[in-house]
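Since the structure comes first, as structure tokens, the remarks are kept for the end.
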Amino acid sequence: MTDKKDNQETPKSLNFIEQMVEKDIQEGRNNGRIQTRFPPEPNGYLHIGHAKAICMDFGIAEKYNGTCNLRFDDTNPSKEEVEYVDAIQEDIQWLGYKWDKICFTSEYFQQLWDLAVQFIKDGKAYIDEQSSDEMAKQKGTPTEAGTASPFRSRPMEESLKLFEKMNTGEIPEGAMVLRAKIDMAASNMHFRDPIMYRVVNHPHHRTGTTWKAYPMYDFAHGQSDYFEGVTHSLCTLEFEVHRPLYNWYIDQFANSDYRPYQTEFNRLNITYTVMSKRKMLQLVQEGLVTGWDDPRMPTIGGLRRRGYTPASIHSFIDKIGYTKYEALNDVSLLESSIREDLNEKATRVSAVIDPIKLILTNYPEDQVEMMEAVNNPGDETAGKHEIPFTKELYIERNDFMEDAPKKFFRMTIDKEVRLKSAYIIKCTGCKKDEAGNITEVYAEYDPQTKSGMPESNRKVKGTIHWVSVEHSLPAEVRIYDRLFNVENPSEEKETDFRDLLNPDSLIVNTAARVEPWLKNAKHMENFQFQRTGYFNIDPDSTADKLVFNKTVGLKDSWTKKNS
RNA sequence: UGUCUCAUGGUGUAAUGGUAGCACUGCAGUUUUUGGUACUGCCUGUCAAGGUUCGAAUCCUUGUGAGACAACCA
């Protein structure tokens, strides 16, 4: 495990954005200054797709000695809430990033307003009183030019007066908008007199009722970048068509030698994973999940509670890269990232999920032996822990088979198997109820084969885990599978996505037992158990419930979960 | 029948005119006190057709396919 680090690492090739940034620095664009921003709208929780953007925005600043602001793009008060503002900050911090400054687009409302007024005075904007339907009709289609609004040549003074009114409350929502006067025949639809301002009567989570007229994304984003001093405005591919407008707005007023540049990269898509905020909100509101941080959700909080570490998310993002190709990443790449990280760091513990009683017929009735188990087989410095061993144990139901096929390495009658960290035992039989279900398994232990004794080196094909019946604790176990059962949910756009929910995404199993010392191991964040998978204690958890996570980990994994 | 963008193994991503490599997945094997881990090997690729060139994944042309854009969302 240590020589892994000794391997000389081949220098990682730069992605296209890093290459661009290095070129910009060399050529002295914006005096070689690097400033980025992460601009979420506070209308939902951050998900793994945002993590990709976060790693880019903060990562570029970190790598090239620049700065990165966290800017809340809060220009639509009807959808935004303080709850989201707080959650977003927590998630970014959990990922390990620090913003240079925290800001809000709403802080620039006055500047944007003044700028809009200037646009009107310059004859570059006008108040349109048409309905949105009328405006949509005259906008044309991507293949046909649009036609001019009857208000397009409205005198500047009139527009100015009406614009003031838009912000006093006397104009109802939808009655008028401020539009930029550009080109109704432009091949880029965004140039056909885009809306700059509209009326929203919903109070804003920060500015209250101070404003009634709110800027649209296109009029706000580039300007905010400019006001802040952003040099590299990085966003996802769907904003590509907006870039000419982004530049056009800036061209209208910027007169310094500085200007921000927008660059787009591909957004994250993962198989079996829905990342639409709208749909996630619906899952939460309809109670189909327990909340935004339900472990089945692709949110940062959900992944955290499912046992993902910040390091695993970083390594995942690192592996998928940034291009302009709209990729669909296999979820196994994400899963391998957490396995890799936990395998290295996680402490191994024992737990039996689907227990069946194993009785060692020749073991003294009241004897308790403390068995020593390593915490991490790949890391000696991780230490050891003790597990109580008794005559009556629980083993996994599927670790025993009465009529076993040849390739079955675990427990079967007349065959030897090793109890991990304890003795080699030989199965002698089992007991069944009337229905034929196995209720108990019997075996004899070999006292000479306790772990550490010379005899224990005997070759035995199988090794199984166990817990002492007397010392075990019952636990609520939740088994998580994928929330969706279609490979690419985005292909099912027309379907109600709820039809795509996997009915097995959450299975509660109350029969599980865990060994007692787990209860006292609150200081440990991560646990791993090898054949069954990986354990993780939810850092938010206070209860002793366990969550079984089927997707993460080798085949299965566990997360301790709060009630 | 518009504008813009993209196309490399099953998936994702490198190679920036000079040996098509890496990771994930899958399949084999070695080691193993869990069938895990670790290590080794294997499978599979430049969308197509032309052109430029000593040499093309890379440059040019045409075609094909995919995506984005017609919200008073961001």
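Order of the sequence lines sets the chain letters (A, B, ...), proteins ahead of strands, with each chain counted from 1.
- The separation of B/U32 from B/U46, taken at their P atoms, amounts to 41 Å, rounded to a whole angstrom.
- A/Lys450 places its NZ atom 15 Å from the C1' atom of B/U33, with the value rounded to the nearest Å.
- For A/Met189, taking side-chain heavy atoms from C-beta onward, the closest of the listed nucleotides B/C69, B/G35, B/C73 is B/C69.
- Between B/A74 and A/Thr75, a contact under 4.0 Å exists linking OP1 or OP2 to a side-chain N or O.
- Put simply, the side chain of A/His242 and the base of B/A74 share a donor and an acceptor less than 3.5 Å apart.
- Under a 4.0 Å N-O distance rule, the pair A/Glu264/A/Arg243 qualifies as a salt bridge.
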TODO: Could you walk me through whether A/Phe219 and A/Tyr249 pass ring pair (Phe, Tyr, Trp, His ring centres under 6.0 Å), step by step?
DONE: CA-CA 7 Å; A/Phe219 188 68; A/Tyr249 277 133; 5.2 Å; yes
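- The cationic group of A/Lys324 does not satisfy the cation-pi geometry with A/Phe265, failing either the under 6.0 Å distance to the six-membered ring centre or the 45° limit from the ring axis.
- Nucleotides B/A7 and B/C60 are separated by 13 Å at their P atoms, to the nearest Å.
- A salt bridge links A/Arg152 and A/Asp193; the closest N-O separation between the charged side-chain nitrogens and carboxylate oxygens is under 4.0 Å.
- Nearest nucleotide to the side chain of A/Pro142, out of B/U37, B/U25, B/C69: B/C69.
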Interface polar pairs with nucleotides 13-20 of chain B, N/O, under 3.5 angstrom:
{"residue": "B/U13", "atom": "OP1", "partner": "A/Asn266", "partner atom": "ND2", "Å": "3.3"}
{"residue": "B/U13", "atom": "OP1", "partner": "A/Thr323", "partner atom": "OG1", "Å": "2.8"}
{"residue": "B/A14", "atom": "O2'", "partner": "A/Ser13", "partner atom": "OG", "Å": "3.3"}
{"residue": "B/U16", "atom": "N3", "partner": "A/Gln19", "partner atom": "OE1", "Å": "2.9"}
{"residue": "B/U16", "atom": "O4", "partner": "A/Gln19", "partner atom": "OE1", "Å": "2.2"}
{"residue": "B/U16", "atom": "O4", "partner": "A/Gln19", "partner atom": "NE2", "Å": "2.0"}

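- Note on A/Leu334: nothing from the nucleic acid sits closer than 4.0 angstrom, heavy atoms only.
- Side chain of A/Lys139, nearest nucleotide from B/U5, B/A70, B/G35: B/A70.
- A gap of 23 Å separates the P atoms of B/U40 and B/G45, to the nearest Å.
- Side-chain N/O atoms of A/Lys459 include one lying less than 4.0 angstrom from OP1 or OP2 on B/U32.
- For B/A57 and B/U8, the P atoms lie 15 Å apart once the distance is rounded to whole Å.
- Each of B/U11, B/A70, B/G35 was ranked by its minimum atom distance to the side chain of A/Arg410; first place goes to B/G35.
- Comparing B/G10 with B/G26, their P atoms sit 16 Å apart, to the nearest whole Å.
- To the nearest angstrom, P of B/C73 lies 16 Å from CE of A/Met196.
- Within the structure, every side-chain polar atom (N or O) of A/Arg339 is placed at least 4.0 Å from both OP1 and OP2 of B/A38.
- In terms of position along RNA chain B, the nucleotide closest to A/Ser187 lies nearer the 5' end than the nucleotide closest to the other residue of the pair A/His190 and A/Ser187.
- For the pair A/Lys450 and A/Glu372, the salt-bridge criterion is not met [side-chain N within less than 4.0 Å of a carboxylate O].
- Comparing B/U25, B/G35, B/C69 by their nearest atom to the side chain of A/Phe408 picks out B/G35.
- A straight line from CZ of A/Arg278 to P of B/A71 spans 17 Å, rounded to a whole angstrom.
- For A/Met216, whose side chain is taken as the heavy atoms from C-beta onward, the closest listed nucleotide among B/C72, B/G2, B/U25 is B/C72.
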Task: Secondary structure of RNA chain B in dot-bracket form (Watson-Crick or G-U wobble, distances below 3.5 Å, | marking inter-strand pairs) - done: .((((((..((((....[..)))).(((((.......)))))....(((((..]....))))))))))).....
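- Separating the C1' atom of B/C59 from that of B/G17 is a span of 8 Å, rounded to the nearest Å.
- Between A/Lys137 and A/Asp133 there is no salt bridge, since none of the side-chain N atoms of the basic residue sits less than 4.0 Å from a carboxylate O of the acidic one.
- Taking the nucleotide of RNA chain B with the nearest heavy atom to each of A/Pro40 and A/Ala422, the more 5' of the two is matched to A/Ala422.
- Atom-to-atom, CG of A/Asp218 to P of B/C69 comes out at 13 Å; the value is rounded to the nearest Å.
- The interatomic distance linking A/Arg243 (CZ) with B/A68 (P) rounds to 17 Å, in whole Å.
- Atom OH in A/Tyr272 sits roughly 17 Å away from atom P in B/G10 (whole-Å rounding).
- For B/U33, the base has a donor-acceptor partner in the side chain of A/Ser456 [N/O atoms by modelled type, under 3.5 angstrom].
- One finds no salt bridge joining A/Glu41 and A/Lys277 here, because no Lys/Arg side-chain nitrogen approaches an Asp/Glu carboxylate oxygen to under 4.0 Å.
- Proximity note for A/Thr463 (side chain, C-beta onward) versus B/A74, B/U33, B/C72: the nearest is B/U33.
- Between the CD atom of A/Glu335 and the P atom of B/U11 there is a distance of 18 Å, given to the nearest Å.
- A/Tyr217 has its OH atom 17 Å from the C1' atom of B/C72, to the nearest Å.
- A donor atom on one side chain and an acceptor atom on the other are found under 3.5 Å apart for A/Gln130 and A/Gln138.
- One P atom belongs to B/A74, the other to B/C69, and the distance between them is 15 Å to the nearest Å.
- Remark: A/Glu340 engages A/Lys319 in a salt bridge, criterion side-chain N to carboxylate O under 4.0 Å.
- Among the candidates A/Thr36, A/Thr323, A/Thr263, the single residue satisfying the side chain to side chain contact (heavy atoms under 4.5 Å, CB included) test with A/Ile17 is A/Thr263.
- Side-chain N/O atoms of A/Arg198 include one lying less than 4.0 angstrom from OP1 or OP2 on B/C73.
- Closest to the side chain of A/Asp73, from the set B/C72, B/A74, B/U25, is B/A74.
- B/U58 and B/U19 have their C1' atoms separated by 16 Å, with the value rounded to a whole Å.
- In this structure, the side chains of A/Tyr197 and A/Asn167 stay at 4.5 Å or more apart for every pair of heavy atoms.
- Residue side chain A/Ser451 reaches the base of B/U33 through a donor-acceptor N/O pair under 3.5 Å, judged by distance alone.
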Open item on the list: Run A/Arg410 and A/Glu416 through salt bridge (charged side-chain N to carboxylate O under 4.0 Å, His left out) and show every step you take.
Closed with: CA-CA 8 Å; A/Arg410 284 161 280 161; A/Glu416 280 196 328; over 6 Å; no
